[in-house]
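Start at 1 with the first residue, then count along the sequence.
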Amino acid sequence: MANQKTNKTIYWSLLTHEDWNLYIAATSGGLCYVGSPNQPVAELISWAENRFPGSSLVEDVASLQPYAKELIEYLQGERTSFTIPFDFQGTAFQMAVWNALCNIPYGETQSYSDIAHAIQKPASVRAVGAAIGANPILITIPCHRVIGKNGALTGYRGGLDMKVKLLQLEQG
């Protein structure tokens, strides 16, 4: 993926809810990052340096409050979709995959090949997997809803424990 040449300001905060500790970040355009659970801020810093070279990271709990609120409502089982704006950038292929992920209904799963067919690239299952792995906004762009064709849980940037928790949460 080509680096985005920008001098954006990226606002960040640590979302803490029960046993969830996730760094979240947003630009003036919307949520741009949800990190892996219990990871140090270095994960966020590395992501920002790679995706938005030259940008400034500014801790701003107040600015992140609307995003944190919806994420917490989701984690409490009170929200099944998100209304917050997103600011995510990728290749055309990644964007197609991430948009397809957003069409997977709450509580349902699809396979990597289902996503490849949805974007009309049925032979691109491995590339779909790579695009899913590059998803910068865990939970809200629901890559946790993608499983192996045989029903097996497969890799997840947030770790398989997080994936299991999210899928169980959505099963009620």
Side-chain angles (χ1 to χ4, degrees), residues 1 3-4 8-27 29-53 55-90 94 97-98 101-102 104 106-110 112 115 128-148 151-172:
M1 172 164 146
N3 286 339
Q4 303 297 321
K8 284 188 177 192
T9 298
I10 301 171
Y11 304 96
W12 66 272
S13 178
L14 177 62
L15 181 151
T16 301
H17 173 72
E18 295 178 357
D19 61 344
W20 294 93
N21 293 295
L22 308 164
Y23 283 98
I24 61 174
T27 66
L31 187 68
C32 63
Y33 178 82
V34 174
S36 304
N38 304 314
Q39 292 299 306
V41 72
E43 182 188 55
L44 167 63
I45 294 168
S46 175
W47 169 84
E49 288 172 349
N50 288 324
R51 288 287 175 96
F52 299 103
S55 293
S56 301
L57 278 172
V58 177
E59 185 175 11
D60 189 340
V61 175
S63 291
L64 274 288
Q65 187 55 38
Y67 307 104
K69 179 181 183 292
E70 287 201 15
L71 283 160
I72 289 169
E73 289 169 353
Y74 169 85
L75 294 171
Q76 292 173 331
E78 298 169 359
R79 173 175 291 280
T80 61
S81 63
F82 295 92
T83 60
I84 51 178
F86 298 117
D87 183 5
F88 58 101
Q89 300 171 357
Q94 288 172 326
V97 169
W98 299 338
L101 297 177
C102 291
I104 304 172
Y106 181 91
E108 296 184 19
T109 58
Q110 291 184 4
Y112 293 90
I115 301 300
V128 164
I132 290 171
N135 172 16
I137 314 175
L138 296 181
I139 302 172
T140 55
I141 298 178
C143 54
H144 60 277
R145 296 180 188 152
V146 180
I147 60 174
L153 295 183
T154 55
Y156 184 65
R157 179 169 64 88
L160 287 181
D161 287 345
M162 180 181 186
K163 186 171 189 162
V164 168
K165 283 182 183 180
L166 294 173
L167 291 173
Q168 288 173 342
L169 171 72
E170 292 188 10
Q171 295 305 310

Contacts of type side-chain contact (heavy atoms from CB on, under 4.5 Å), residue [X], not counting sequence neighbours:
X	value
Pro136	Trp47, Arg51, Phe88, Trp98
Thr16	Leu14, Asn21
Val164	Leu153, Gln168

ring-ring contact (aromatic ring centres under 6.0 Å, His included) partners of Tyr112, counting only residues at least two apart: none
Going by side-chain hydrogen bond (donor to acceptor under 3.5 Å, both in side chains), name the residues that satisfy it together with [X], two or more places apart in sequence or in a different chain.
X	value
Thr109	none
Tyr33	Glu43
Arg157	none
Tyr156	none

Salt bridge (charged side-chain N to carboxylate O under 4.0 Å, His left out) contacts in which one or both residues fall within residues 128-147, not counting sequence neighbours: Arg145-Glu170
Pair listing, ring-ring contact (aromatic ring centres under 6.0 Å, His included) test, anchored in residues 58-79, at least two apart: Tyr74-Phe82
Those residues that, when tested against Lys165, pass salt bridge (Lys or Arg N to Asp or Glu O under 4.0 Å) (two or more places apart): Asp19
Residues that Glu73 engages under salt bridge (Lys or Arg N to Asp or Glu O under 4.0 Å), provided they are two or more places apart: Lys69, Arg79
